[in-house]
There are 2 protein chains.
Amino acid sequence: MKRLPVPDQDIRLAVDAVVFGYANNALQVLLIKQKFGGTQAQWALAGGFVRTHEGITEAVIRELNEETGLRLTYLEQLYTFGDTLNRDPRGRVVTVAYFALVNALTIAPKADTDALEAAWFPENELPPLAFDHKEIVAKARERLRAKLTYQPIGFELLEKTFPFSDLENLYCTLLGKEIDRRNFRKKIMAFGLVVDTGQQVTGKSGRPARLFRFDKKKYQQLAKDGFIFEISFA
Amino acid sequence: MKRLPVPDQDIRLAVDAVVFGYANNALQVLLIKQKFGGTQAQWALAGGFVRTHEGITEAVIRELNEETGLRLTYLEQLYTFGDTLNRDPRGRVVTVAYFALVNALTIAPKADTDALEAAWFPENELPPLAFDHKEIVAKARERLRAKLTYQPIGFELLEKTFPFSDLENLYCTLLGKEIDRRNFRKKIMAFGLVVDTGQQVTGKSGRPARLFRFDKKKYQQLAKDGFIFEISFA
DNA sequence: ACAAAAGTGTTAATCTTACACCCATGT
DNA sequence: ACATGGGTGTAAGATTAACACTTTTGT
């Protein structure tokens with residue numbers, strides 16, 4: 001088979017991931033301290049260059065694993081940043097950004113690989129970021145806000161079983177709105193996708209909370225038939 | 001300034017555009033007959049390789065202009081296809097796909113440039129497509145369906161002034177639903193974004209239709225303040 | 001007994017749906 | 001006069017929004 005012509009191009013392809021977690025009633029963003037730059041090392045998103053023989057999604061998963069060992073609960077492509085020619089001082093780099101969620105802020109420190117330091121920052125206390133990563137985080141934040149209202153994505157930020165108030169808080173915090181607790185519970189429960197595990201959680205002050213679980217299988221079943229998890233607020 | 005290291009990578013970056021038009025009560029897709037392949041030349045999306053010193057959006061616009069001379073009414077990034085290593089026989093090619101709309105199916109034949117042939121196909125009569133372009137079109141189609149219900153994107157497929165029935169038809173056709181004409185008109189009019197131009201269009205049989213116009217400026221103003229053009233159907 | 005958080009129903013208002021006839025023009 | 005597509009209102013049903021007190025535990 002004839003090898004068809006391919007153009008000369010001096011463009012690198014990278015991937016970056018905006019990983020969100022939820023802790024202390026606040027949205028947290030995962031950042032990595034860059035290797036290069038010495039004392040001026042900046043914080044940046046997890047990511048790196050795509051290898052010639054790996055898919056781009058494969059590449060993000062690999063980079064995230066190398067840098068943090070995190071176990072993701074959700075991953076989707078976000079947007080490709082390639083309109084700015086000098087986003088990266090190393091040359092022309094186009095990056096495919098991903099949007100990821102985790103339900104536990106556990107970073108496995110891996111001394112043997114390339115990450116110097118990985119840490120969680122509350123979204124309103126982000127340090128200065130490398131490249132155009134601030135813009136990428138903003139886009140991811142917007143995606144998160146939007147998806148919360150039409151996909152059951154909030155559950156991916158909570159542990160498998162959770163008290164209902166955690167869910168309430170998550171929605172209030174991430175959407176920046178006060179939400180009527182009674183109406184919220186009614187709406188969520190009406191889907192029939194959140195089930196009572198029977199367990200209770202005690203320990204804190206106040207009445208013990210029951211623990212709930214999101215029935216993901218049932219959701220995926222329904223989603224196939226065109227069901228949309230949609231929730232709106234006053 | 002020290003030149004930082006950049007990896008060896010043998011990946012090309014391309015852009016492709018799914019351009020939709022609306023004519024004869026049907027959604028139309030713009031396709032280009034590929035230059036290479038001789039008698040086996042296949043139809044494909046408009047697109048090509050990104051140049052080292054141009055932005056990716058710039059690249060789609062350039063390619064579209066070179067190949068068709070089309071005047072777009074809407075353009076946004078769709079998705080980046082880079083998980084399949086052999087999507088392109090020429091080697092590892094990652095493509096950033098764009099989603100575009102036009103309100104007139106006018107292709108300027110440009111003999112001097114690279115396009116052999118460009119043509120519109122109704123969405124249900126697409127020929128076999130090159131690479132994974134079928135998948136890309138499917139994704140764009142899905143985006144179109146989704147956006148129709150929460151962004152005033154349908155207007156981009158109509159001429160500047162249009163009879164209301166065109167808008168009705170467009171929604172019915174593209175969403176594959178029967179829509180109550182009275183309710184539809186009420187909902188659309190309630191936004192206050194579609195204004196009567198006072199003109200009428202006659203010529204066809206039946207009562208003459210008034211011509212309307214979408215007030216894009218007003219929409220953009222409202223959109224800044226968080227307004228969402230949302231429309232749902234029974 | 002009190003503090004702290006969890007849990008729960010009803011009503012009014014709004015929005016959505018279903019539905020059928022008259023109007024203005026060309027032939 | 002009739003055929004063709006354009007234009008319009010109302011009533012019943014469904015959904016959403018507003019609102020406050022009781023329950024269970026720990027201290």
Side-chain angles (χ1 to χ4, degrees), chain A residues 24-25 148-150 158-159 161-173 175-214 226-234, chain B residues 22 24-26 148-150 158-159 161-173 175-214 226-234:
Chain A
N24 309 121
N25 281 350
L148 272 175
T149 69
Y150 66 88
L158 298 176
E159 295 182 65
T161 70
F162 52 86
F164 212 92
S165 55
D166 276 13
L167 191 65
E168 276 170 35
N169 271 315
L170 186 145
Y171 269 84
C172 290
T173 309
L175 298 177
K177 282 188 184 172
E178 302 236 323
I179 299 174
D180 182 277
R181 289 171 54 229
R182 282 171 289 189
N183 292 341
F184 179 74
R185 190 186 266 243
K186 257 181 289 177
K187 285 182 193 187
I188 294 283
M189 285 311 193
F191 291 124
L193 293 170
V194 170
V195 300
D196 193 332
T197 61
Q199 297 165 275
Q200 289 201 329
V201 64
T202 176
K204 294 154 210 153
S205 79
R207 175 173 174 172
R210 289 191 254 151
L211 288 175
F212 294 85
R213 184 175 57 76
F214 175 64
F227 165 82
I228 303 219
F229 177 95
E230 196 157 31
I231 190 159
S232 65
F233 306 98
Chain B
Y22 188 74
N24 309 122
N25 280 351
L148 273 175
T149 69
Y150 66 86
L158 298 176
E159 296 183 65
T161 71
F162 52 86
F164 213 92
S165 55
D166 277 12
L167 191 64
E168 277 169 35
N169 272 314
L170 186 145
Y171 270 83
C172 291
T173 310
L175 298 177
K177 282 189 184 172
E178 301 237 322
I179 298 173
D180 183 278
R181 289 169 53 226
R182 281 171 290 188
N183 292 340
F184 179 74
R185 188 185 268 244
K186 258 181 288 177
K187 285 183 194 186
I188 294 284
M189 285 312 194
F191 291 125
L193 293 170
V194 171
V195 300
D196 193 332
T197 62
Q199 297 166 277
Q200 290 201 329
V201 65
T202 176
K204 293 155 208 152
S205 80
R207 176 173 174 173
R210 289 190 254 153
L211 288 175
F212 295 85
R213 185 175 57 77
F214 175 64
F227 165 81
I228 303 221
F229 178 97
E230 195 156 34
I231 189 157
S232 64
F233 306 98

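Below, chain A is the first sequence line, B the second, and so on; all start at residue 1.
Taking atom CZ on B:Arg207 and atom P on D:dG6, their separation rounds to 10 Å, with Å as the unit. Taking atom CD1 on B:Ile188 and atom P on D:dT8, their separation rounds to 15 Å, with Å as the unit. A:Phe184 has its CZ atom 18 Å from the C1' atom of D:dT15, to the nearest Å. Atom CZ of B:Arg181 is separated from atom P of D:dT4 by 15 Å (rounded to the nearest Å). The CZ atom of B:Phe162 sits 20 Å away from the P atom of D:dG5 (whole-angstrom rounding). Distance, A:Arg185 CZ to D:dT22 C1': 14 Å, rounded to whole Å.
No side-chain heavy atom of A:Pro208 sits less than 4.5 Å from a side-chain heavy atom of A:Val201. Using a 4.5 Å heavy-atom cutoff, the side chains of A:Glu230 and A:Thr149 are not in contact. A:Phe214 has its side chain out of reach of A:Leu158: every pair of non-hydrogen atoms, C-beta onward, lies at least 4.5 Å apart. A:Leu148 has its side chain within reach of A:Leu170: a pair of non-hydrogen atoms, C-beta onward, lies under 4.5 Å apart. Annotation: side chain of A:Arg181 is not in contact with side chain of A:Ser165 (no heavy-atom distance under 4.5 Å).
Residue B:Ser165 has a polar side-chain atom (N or O) positioned under 4.0 Å from OP1 or OP2 of D:dG6. In terms of phosphate contacts, B:Arg182 brings no side-chain nitrogen or oxygen within less than 4.0 Å of OP1 or OP2 of D:dG7.
Ring centers of B:Phe229 and B:Phe191: under 6.0 Å apart, within the cut-off.
Ring orientation note: the planes of A:Phe162 and A:Phe212 are tilted relative to one another, at an angle of 30° to 60°. Relative orientation of the B:Phe233 and B:Tyr171 rings is tilted, given thresholds of 30° and 60° on the angle between their planes.
Of all non-hydrogen atoms in B:Leu211 and B:Asp196, the two that sit nearest each other are O-OD1, 3.6 Å.
The number of heavy atoms from other shown groups lying within 6.0 Å of CD (A:Gln200) is above 12.
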What pairs of nitrogen or oxygen atoms, one from the protein and one from nucleotides 10-16 of chain C, lie under 3.5 Å apart?
from: C:dT10; atom 1: O4; to: A:Lys186; atom 2: NZ; distance (Å): 2.9

At a cut-off of 3.5 Å, list every protein nitrogen or oxygen paired with a nitrogen or oxygen from nucleotides 1-3 of chain D, distance to 0.1 Å.
none

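Nearest-nucleotide positions on DNA chain D place B:Asp180 closer to the 5' end than the other of A:Phe233 and B:Asp180.
In this structure, B:Arg210 reaches the sugar-phosphate backbone alone: every heavy-atom distance under 4.0 Å involves primed, P, OP1 or OP2 atoms, never a base.
With B:Phe164 as the aromatic partner, B:Arg185 meets the cation-pi criteria of under 6.0 angstrom to the ring centre and within 45 degrees of the ring axis.
Residues of residues 190-201 of chain B having a heavy atom closer than 4.0 Å to DNA chain C: none are found.
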